[in-house]
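Read the numbers this way: they start at 1 and go in the same order the structure lists the ligands and their atoms.
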Amino acid sequence: MSRSRTSPEGIPAEAGKAAEGGTTPDAPAPAARRKAAKAAKSAKSAKAATAPKSATASTASKPTTTAPTGTAAKPAKSTKSTKSVPAAKTARAAKTAKAAQSAEPAKTAKSTKSTPAAKGAKAAGRAVAPAAPRGAAAHATPKAAAAAGATAAAADAASDATAAGLALQDLARALDLADDWDNPLRDPQDRRLPKIAGPSGLVIFGVTGDLSRKKLMPAVYDLANRGLLPPGFSLVGFARRDWEDEDFAQIVHDSVREHARTEFREEVWQQLAEGMRFIPGDFDDDTAFKQLRAAVDELDASRGTSGNYAFYLSVPPKFFPKVVKQLKRHGLAEAPAGSWRRAVIEKPFGRDLKSARELNRVVHEVFDPEQVFRIDHYLGKETVQNILALRFANQMYEPIWNRSYVDHVQITMAEDIGIGGRAGYYDGIGSARDVIQNHLLQLMALTAMEEPIAFDADSLLTEKLKVLKSVRLPADLGEHTVRGQYAEGWQGGAKVRGYLEEDGIDPESTTDTYAAIKLEVDNRRWAGVPFYLRTGKRLGRRVTEIAVVFQRAPHSPFDSTATEELGANAIVVRVQPDEGMTVRFGSKVPGTSMEIRDVSMDFAYGESFTESSPEAYERLILDVLLGDANLFPRHQEVEESWKVLDPIEEHWDTHGRPAQYASGSWGPGEADEMLARDGRSWRRP
Ligand SMILES: NC(=O)C1=CN([C@@H]2O[C@H](COP(=O)(O)OP(=O)(O)OC[C@H]3O[C@@H](n4cnc5c(N)ncnc54)[C@H](OP(=O)(O)O)[C@@H]3O)[C@@H](O)[C@H]2O)C=CC1
Ligand SMILES: O=C1O[C@H](COP(=O)(O)O)[C@@H](O)[C@H](O)[C@H]1O
């Protein structure tokens, strides 16, 4: 059946979900089997009636329905009568029926290549359904809606079934009829349907930590709430606490309540909570790892996780090797046949090139490269991914995106917060290792790279690596790099302490809380164009942006007073918090005289799109579960980035102390002087 024959109308939520790229682990419940059998019966009668092939799915479309999470999902009831089921719909139902009849719990769901019928069967027979995927159903594109509607129709037909059983031969006959059906949802190129993770679980080491509470656990909930996790999804926490599963669930609950992006829904929560387990223990504790293994096996049996697990190392970096080795020692790194195991490793990945290489060696002794997902959460941000869309989906920017037009690029990541309770991690690491080595160099690579031949992990790696390998450091690092430390000052109307007065910080510490560096990219596109990167804590406000600043027009027909107020043209990618893009250019001020001033055109996500952007960790956790590595730096990038930073850190180690800057300011005066020496100035973001 061609796509044009499907209905663009409303989508029952469950059908929408079944329509998506991933699979769901639900086993057909008895009710589903009954429904499926009835559906097959419908198919049989349809065959007898030799229904015309022109029957369109649109006639079978249904109004949008939202299936409540945690309840037996009943397809919408508006097309109850089998008489009204057109042949095509009935045929689909037959296929649905076959899948439901033959499906085995968990195993059926394990394959990401599940048949359309199986998906339909899931839609029809879901015993425990997660929340409606709002992105998928409620906001589906017409094409997506049409496709989902088709599957919905199959589900509806299944629901029309009576309790009467159907012999298998009837099913087989019915399926003949359905064989020519081509599920339009299976177009692998269609990226508009969000994918649902297949059967799986996530083990978080360091689950009591800051990152886990503020970002990871809320992200898991948000994914569940959006219907992007399988119903049997399981979350295992590991940390040194004497907790029962229920205590852990309470902690997750509190963190979700406080930090989740999406609304709290009790039914989503209940379903998620059922799959939560806690393992108390130290990373040295073999008994704890044995318990972890037992928990994983138990969840496979009770929740249908099918042996698929991601191990998220949200722990102090010094423990990365230890945890990885423990996973191997206890047989957790090795996936049972037909399953997968993945390691998710937080940043920073090493503290220099040498330690990063050593860590890579240890990790790759246990996991194959494609099993390793190194987190750089900036790559999970919508605005960061949009750099590639902006550059390579449009025609108007790329011709000027080079040394012929660009004067320089400024990449700023400013934070208003201090180090908070992270003294143990931060002191000795500092701002450059904390964010320049990873986030800012990734932003620079995406800004400077050539068009990848495809949007896949290998092609992206190829292009980003070329940029990182082309980076040239200034000959005089003293002139072109600056590090600073925040002193006391006023922030947000409150007096705040300086870095050296923070709890847990050595009063003699030379750790940088601010860093600004100048880099060049030695290639044909960028030769001679400086990239200025800066970051700092306790700066004026929280903002991350990439500003591509253009050269002056080569000739001005206006007298100099007319353009006195005119700055440089710029394209600014506003990464956060005011997500969007600004184009700054000159415009005549209305009036009789010619006076030209800077004005700007804005694109704001909030104005152009109705849905708020997912949190970076939502996207990244989902990608891990889907096995999509596009947004995860590979070890080559990590190592190249350390090659850029190591000489700067070595220089700083042997040259003086960080410059002081007042909290709430825009960094040390030395950073302004650094740009002034080049005849430029920092933007005030
Ligand atoms: N916090 C943030 O904003 C960000 C953090 N990261 C990275 O995320 C990771 C985690 O950071 P964060 O959450 O801040 O760290 P925290 O110090 O807040 O948490 C550390 C976690 O590790 C556990 N842990 C520590 N030692 C052991 C041990 N010997 N055995 C068992 N568990 C142990 C702690 O458990 P217990 O309760 O038992 O002490 C705790 O759950 C780090 O790699 C960090 O660099 C990356 C970006 C941002
Ligand atoms: O990786 C890190 O990022 C956070 C800032 O993240 P953002 O998404 O809020 O910009 C930073 O505070 C932390 O020090 C660093 O490790």
Side-chain angles (χ1 to χ4, degrees), residues 203-219 237-243 247-248 251-252 255 259 278-289 292 312-323 326 344-351 359 374-384 411-443 499 504 511-515 535-539 541-545 574-577 579 613-620 633:
V203 177
I204 302 182
F205 292 100
V207 78
T208 54
D210 183 71
L211 182 72
S212 172
R213 286 176 194 247
K214 289 188 185 146
K215 299 287 182 185
L216 306 184
M217 298 191 290
F238 188 113
R240 295 168 298 180
R241 292 285 195 286
D242 194 15
W243 284 347
D247 305 319
F248 172 54
I251 295 297
V252 185
S255 116
H259 300 290
F278 184 75
I279 308 297
D282 190 279
F283 300 139
D284 281 324
D285 183 352
D286 286 326
T287 310
F289 276 84
L292 175 60
Y312 198 125
L313 277 59
S314 179
V315 302
K318 66 178 175 192
F319 290 115
F320 291 159
K322 161 68 79 186
V323 177
Q326 285 287 54
V344 187
I345 302 187
E346 258 302 336
K347 58 168 275 286
F349 201 89
R351 69 181 322 274
L359 181 56
R374 293 172 191 77
I375 293 275
D376 183 324
H377 77 274
Y378 264 59
L379 298 183
K381 292 182 191 274
E382 277 293 334
T383 41
V384 173
I411 303 181
T412 300
M413 176 186 166
E415 294 187 275
D416 52 3
I417 54 168
I419 54 158
R422 297 177 72 209
Y425 156 72
Y426 201 86
D427 204 35
I429 291 283
S431 60
R433 285 193 179 96
D434 187 33
V435 302
I436 290 185
Q437 185 273 342
N438 36 79
H439 307 328
L440 268 60
L441 283 175
Q442 284 289 328
L443 293 183
Y499 179 71
T511 298
D512 49 291
T513 62
Y514 176 98
T535 184
K537 294 215 181 268
R538 287 256 183 258
L539 295 182
R541 74 182 183 98
R542 176 176 181 255
V543 59
T544 300
E545 63 166 40
R574 302 196 310 267
V575 173
Q576 65 185 28
E579 303 176 330
S613 299
E615 270 284 323
Y617 283 97
E618 261 174 88
R619 169 69 195 258
L620 295 177

If hydrogens are left out, which of [options] has an atom nearest to [atom], that is, the closest non-hydrogen atom?
atom: atom 36 (P) of ligand 1; options: Arg241, Lys214, Lys318, Lys322; value: Arg241
atom: atom 41 (O) of ligand 1; options: Ile204, Asp210, Thr208, Asn438; value: Thr208
atom: atom 23 (C) of ligand 1; options: Ala239, Gly206, Pro317, Gly237; value: Gly206
atom: atom 4 (C) of ligand 2; options: Lys347, Glu415, Lys215; value: Glu415

Just need the protein heavy atom nearest to [atom], so name the residue and atom and give the distance.
atom: atom 32 (N) of ligand 1; answer: Phe283 CZ, 3.1 Å
atom: atom 7 (C) of ligand 1; answer: Lys347 O, 3.5 Å
atom: atom 38 (O) of ligand 1; answer: Arg240 N, 2.8 Å
atom: atom 13 (O) of ligand 1; answer: Leu211 N, 2.8 Å
atom: atom 14 (O) of ligand 2; answer: Asp434 OD2, 2.6 Å
atom: atom 20 (C) of ligand 1; answer: Pro316 CD, 3.6 Å

Check each heavy atom of [X] against ligand 1 and say whether those closer than 4.0 Å belong to the side chain, the backbone, both or neither.
X: Glu346; value: side chain
X: Val207; value: backbone
X: Arg422; value: side chain

If you measure every N/O of [X] against every N/O of ligand 2, is any gap under 3.5 Å?
X: Tyr426; result: no
X: Thr544; result: no
X: Gln576; result: yes

Counting only nitrogen or oxygen atoms and a 3.5 angstrom limit, does [X] reach ligand 1?
X: Leu313; value: no
X: Gly209; value: yes
X: Asp282; value: yes

Heavy-atom protein contact below 4.0 Å for atom 43 (O) of ligand 1: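 True for atom 43 (O) of ligand 1.
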
So that I can tick it off, tell me whether Lys537 and Glu415 are bridged by a salt bridge, with the cut-off set at under 4.0 angstrom between side-chain N and carboxylate O. yes

Could you tell me whether the side chain of Gln576 reaches within less than 4.5 Å of the side chain of Arg542, counting heavy atoms only?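 Contact flag for Arg542/Gln576 side chains = yes.
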
Just checking, any donor-acceptor pair under 3.5 angstrom between side chains of Gln326 and Asp284?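 On atom types as modelled, these side chains do not qualify, holding no pair under 3.5 Å.
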
